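Not measured: the values here are computed from a predicted model. Both backbone and side-chain heavy atoms feed into the values below; hydrogens, waters and symmetry mates do not.
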Amino acid sequence: MPDLINELKWRGLFHQATDENALREHLSQPRRVYAGFDPTADSLTVGNLVPIMLLKHFQQAGHTPVVVMGGGTGLIGDPSGKEAERQLRTPEEIESNIAGQRPIFEGILSFEGENAATIVNNHDWLGKLSYIEALRDIGKHFSVNMMIQKESVKNRLEGREQGISYTEFSYMILQAYDFLRLYEDEQVTVQVGGSDQWGNIVAGNDLIRRTHYVSRVALVGTTKDGDQVEVGEQIVTQQVSFGLTAPLVTKSDGGKFGKTESGAIWLTADRTSPYAFYQFWLNASDDDAHRYMKLFTLLPQDEIASIIEAHTQNPGAREAQRRLAQEITKLVHGEDGLQRAEAATQALFSGDVSSLDEATLNEVFADVASTEHSKNELAGEGVALVDLLPLTSLAKSKREAREFLSNGGVSVNGEKVGLEDRLTATQLLHNSVALLKRGKKTWHVTRWK
RNA sequence: GGGCGGUUGCCGGAGUGGUCAAACGGGGCAGGCUGUAAACCUGCUGGCUUACGCCUUCGGGGGUUCGAAUCCCUCACCGCCCA
């Protein structure tokens with residue numbers, strides 16, 4: 001078995017671990033490892049890809065991933081990394097969010113074979129936990145002194161801008177209990193997550209240590225006569241659970257990873273189309289592309305090295321971005337999704353949209369903003385583009401439309417148009433569609449009936 | 001409850017009676033260069049208008065004035081200080 005920890009380090013997926021050497025030893029045999037996911041939305045974003053990749057690498061190394069959906073903890077709300085108290089979500093919301101996230105894991109992890117992944121919901125045990133029981137069995141192992149030292153809690157206590165409710169303050173205890181339950185019931189011994197989860201992970205680790213494997217070892221001394229006598233005792237705890245975190249993913253320009261002007265990049269097609277997803281990675285800067293290949297693809301080290309080498313030789317070819325986009329899109333959206341994304345990219349950037357057949361055209365532009373119009377308007381001279389543009393998503397006003405047109409920033413069906421141009425019936429593709437583009441990348445479909 | 005200060009365009013922030021659609025910066029958009037990049041350069045960034053120009057905006061409402069983002073009254077909200 002190759003050394004997983006070294007692999008993770010090389011990839012930039014290793015931030016810190018509890019007792020690294022012991023963990024390395026521990027992982028020489030197949031183990032069960034978990035990561036938790038918050039059902040705050042009905043999908044996950046590229047930021048969540050990090051813990052998923054961790055699970056994926058563990059699985060490839062022969063370990064068994066366990067995905068924990070926070071059906072219970074989601075009802076409470078993790079204060080980590082949050083400046084303000086969270087809005088509580090209803091059980092129904094949580095339930096449907098879990099349903100929305102599930103397919104993401106099913107697509108990326110393997111659910112077959114010896115070390116098939118499993119998905120569990122922590123509501124299964126947290127929901128049954130009684131308050132008295134929780135306070136006696138779990139709470140007793142936590143010191144408030146320690147809890148208020150925790151980063152996420154401390155900020156909220158010291159800031160005074162925003163307090164923290166007892167509910168969120170208790171969150172750590174619930175996640176710690178998760179680890180204990182999984183440890184006892186599912187033989188899970190390792191928890192992984194992003195670096196923001198370190199506090200919660202360590203809390204779980206502590207809880208397991210305090211409730212397990214405490215043994216007494218005699219300290220033996222030798223008298224001057226050479227006799228061995230017991231001189232004292234030591235309580236020895238044998239740590240058998242571990243935590244490992246990945247660093248926060250950053251962008252080389254200092255911006256926030258995974259966010260674009262148009263919002264977050266999601267992992268499901270209903271929120272971010274495979275095309276937009278593919279484009280997100282394709283537009284990575286050179287440095288980022290190199291790092292992302294290590295972080296988010298499963299390509300082996302030597303292959304990544306040679307891609308980086310080729311890309312450095314000839315950065316204009318953007319080999320790294322292309323492979324990056326291909327690999328991740330395939331991982332998240334499957335072979336199908338990748339093909340759709342590449343077909344759309346080809347059509348949209350060659351500019352030659354007029355040659356597309358109707359089915360492909362509909363496919364490619366399925367996710368693009370569109371408006372419907374009456375074909376009557378196109379009769380005779382047709383409609384002036386200055387008047388049409390404000391009706392679409394491309395221009396907010398006629399004045400703006402005029403500006404774009406006179407700048408040469410607008411094209412119809414791939415042809416540049418100017419201020420005086422009009423749209424007539426003869427220009428429609430397949431007798432029903434005109435594709436407008438503003439700038440380099442912004443498209444709008446007008447459908448005429 | 002009292003005192004003081006504030007609320008301006010997407011954001012920050014000037015502007016204290018006409019010369020204000022409102023400086024400057026950021027962001028955004030378009031064009032150029034390029035690698036669907038970065039950096040850089042140019043233009044635009046309330047609406048209508050080919051244009052002259054017109055209309056609507058400076059927390060809400062009311063007033064003073066020939067004329068108000070600017071003065072007065074009032075309401076709302078925010079900040080700081082005192083109780």
Side-chain angles (χ1 to χ4, degrees), chain A residues 46 83-84 159-162 250-265 272-293 296 307-329 338 340-353 356 364-365 367-369 381 383-412 414-422 435-444:
Chain A
V46 288
E83 277 169 24
R160 294 285 290 282
E161 291 268 310
Q162 267 287 337
T250 55
K251 270 192 353 183
S252 52
D253 67 4
K256 210 170 177 190
F257 170 72
K259 285 266 181 356
T260 65
E261 286 75 38
S262 42
I265 301 295
T272 299
S273 70
Y275 165 72
F277 187 81
Y278 180 90
Q279 286 289 324
F280 168 75
W281 299 103
L282 194 62
N283 282 316
S285 74
D286 294 350
D287 282 353
D288 288 344
H290 297 171
R291 283 172 35 237
Y292 295 169
M293 271 197 296
F296 299 115
I307 295 169
I308 290 178
E309 170 68 20
H311 181 239
T312 309
Q313 294 289 316
N314 180 13
R318 301 193 307 139
E319 173 73 5
Q321 281 89 339
R322 205 166 304 279
R323 281 305 298 277
L324 174 72
Q326 286 171 347
E327 290 298 321
I328 307 184
T329 307
L338 174 59
R340 271 176 60 195
E342 289 197 308
T345 297
Q346 173 61 26
L348 264 41
F349 285 92
S350 69
D352 186 18
V353 285
L356 293 176
V364 167
F365 287 94
D367 308 310
V368 171
E381 290 224 297
V383 58
L385 290 169
V386 204
D387 294 324
L388 178 60
L389 246 45
L391 302 175
T392 70
S393 55
L394 300 184
K396 286 200 291 276
S397 69
K398 206 165 169 185
R399 193 208 53 75
E400 206 175 68
R402 204 166 19 245
E403 184 185 316
F404 294 144
L405 284 165
S406 47
N407 277 335
V410 180
S411 62
V412 173
E415 302 276 328
K416 275 236 148 98
V417 291
L419 192 50
E420 303 297 325
D421 288 309
R422 310 178 73 84
L435 302 169
L436 310 186
K437 182 175 70 156
R438 185 200 72 209
K440 293 188 175 89
K441 304 180 194 173
T442 317
W443 290 80
H444 183 98

Check for me whether the distance between the ring centres of A/Phe257 and A/Phe296 falls short of 6.0 Å. yes
Donor + acceptor pair across side chains of A/Gln313, A/Glu309 (<3.5 Å): yes
Write down the distance separating the C1' atoms in B/A22 and B/U16, rounded off to the nearest Å. 14 Å
Expressed in angstrom and rounded to an integer, what is the separation of A/Leu419 atom CG from B/U50 atom P? 9 Å
What is the nucleic acid contact for A/Arg438, judged by heavy atoms within less than 4.0 Å: base, sugar-phosphate only, or nothing? sugar-phosphate
Whole angstrom is fine here: how far is it from CH2 in A/Trp443 over to C1' in B/C29? 18 Å
Taking any strand in view, what nucleotide pairs with B/A23 in a Watson-Crick or G-U wobble way, both distances under 3.5 Å? none
For the backbone of A/Leu282 and the side chain of A/Arg318, can you confirm whether one donor and one acceptor N or O come within less than 3.5 Å of each other? yes
Using the P atom as the reference point in each nucleotide, state the distance between B/A76 and B/G60 in Å, no decimals. 15 Å
Is B/U7 paired to anything, Watson-Crick or G-U wobble with both distances less than 3.5 Å, and if yes, which nucleotide? B/A76
Round to the nearest Å and state the distance from A/Glu400 atom CD to B/C10 atom C1'. 13 Å
With P as the reference atom in both, quote the distance from B/G43 to B/C78 in angstrom, rounded to an integer. 43 Å
Find the partner of B/G17: check Watson-Crick (N1-N3 plus N6-O4 or O6-N4) and G-U wobble (N1-O2, O6-N3) distances, both under 3.5 Å, and reply none if neither fits. none
Going by atom types alone, do A/Ser393 and A/Arg438 pair a side-chain donor with an acceptor below 3.5 Å? no
In whole angstrom, give the distance that lies between atom CZ of A/Arg402 and atom C1' of B/C29. 16 Å
Determine yes or no for a side-chain-to-main-chain donor-acceptor pair under 3.5 angstrom, with A/Thr442 supplying the side chain and A/Gly439 the backbone. no
For atom P, what is the distance between B/G15 and B/A23, given to the nearest Å? 13 Å
Does any nucleotide pair with B/C40 by Watson-Crick or G-U wobble geometry, both distances under 3.5 Å, and what is it? B/G32
Report yes if a side-chain nitrogen or oxygen of A/Arg399 is closer than 4.0 Å to either non-bridging phosphate oxygen (OP1 or OP2) of B/C44; otherwise report no. no
d(CG, A/Asn314; C1', B/G35) in whole Å: 9 Å
Do the side chain of A/Asp288 and the main chain of A/Ala284 share a donor and acceptor less than 3.5 angstrom apart? no
Which of these nucleotides, B/G35, B/U45, B/C29, is closest to any side-chain atom of A/Gln321? B/G35
A/Thr442 or A/His311: which one's nearest nucleotide on RNA chain B is closer to the 5' end? A/Thr442
Using the P atom in both, what is the distance from B/C10 to B/C81, to the nearest Å? 32 Å
Measuring only the C1' atom in each nucleotide, how far is B/G9 from B/A21? A whole number of Å is fine. 9 Å
Any sub-3.5 Å donor-acceptor pair from A/Ser406's side-chain atoms to A/Glu403's backbone N or O? yes
Atom pairs under 3.5 Å, N or O on each side, protein against nucleotides 36-43 of chain B: can you list them with distances?
{"unit_1": "B/U36", "atom_1": "O2'", "unit_2": "A/Asn283", "atom_2": "OD1", "d": "2.9"}
{"unit_1": "B/U36", "atom_1": "O2", "unit_2": "A/Gln279", "atom_2": "OE1", "d": "2.9"}
{"unit_1": "B/U36", "atom_1": "N3", "unit_2": "A/Gln279", "atom_2": "OE1", "d": "2.9"}
{"unit_1": "B/U36", "atom_1": "N3", "unit_2": "A/Gln279", "atom_2": "NE2", "d": "3.2"}
{"unit_1": "B/U36", "atom_1": "O4", "unit_2": "A/Gln279", "atom_2": "NE2", "d": "3.3"}

Sorted by position of nearest nucleotide on RNA chain B, 5' first, the leading residue of A/Lys398 and A/Lys416 is A/Lys416
For the backbone of A/Thr250 and the side chain of A/Arg291, can you confirm whether one donor and one acceptor N or O come within less than 3.5 Å of each other? yes
B/G63 and B/G1, which share atom name P, separated by this distance in whole Å: 29 Å
Pairing nucleotide - B/A68, Watson-Crick or G-U, each distance under 3.5 Å: none
Of A/Ile328, A/Thr345, A/Thr272, which is the lone residue that meets side-chain contact (heavy atoms from CB on, under 4.5 Å) with A/Tyr278? A/Thr345
Pairing partner of B/A51 (Watson-Crick or G-U wobble, both distances under 3.5 Å): none
I'd like the C1' distance from B/U70 over to B/G17, given in whole Å. 6 Å
Given atom NE2 of A/His290 and atom C1' of B/G35, what is their separation to the nearest angstrom? 13 Å
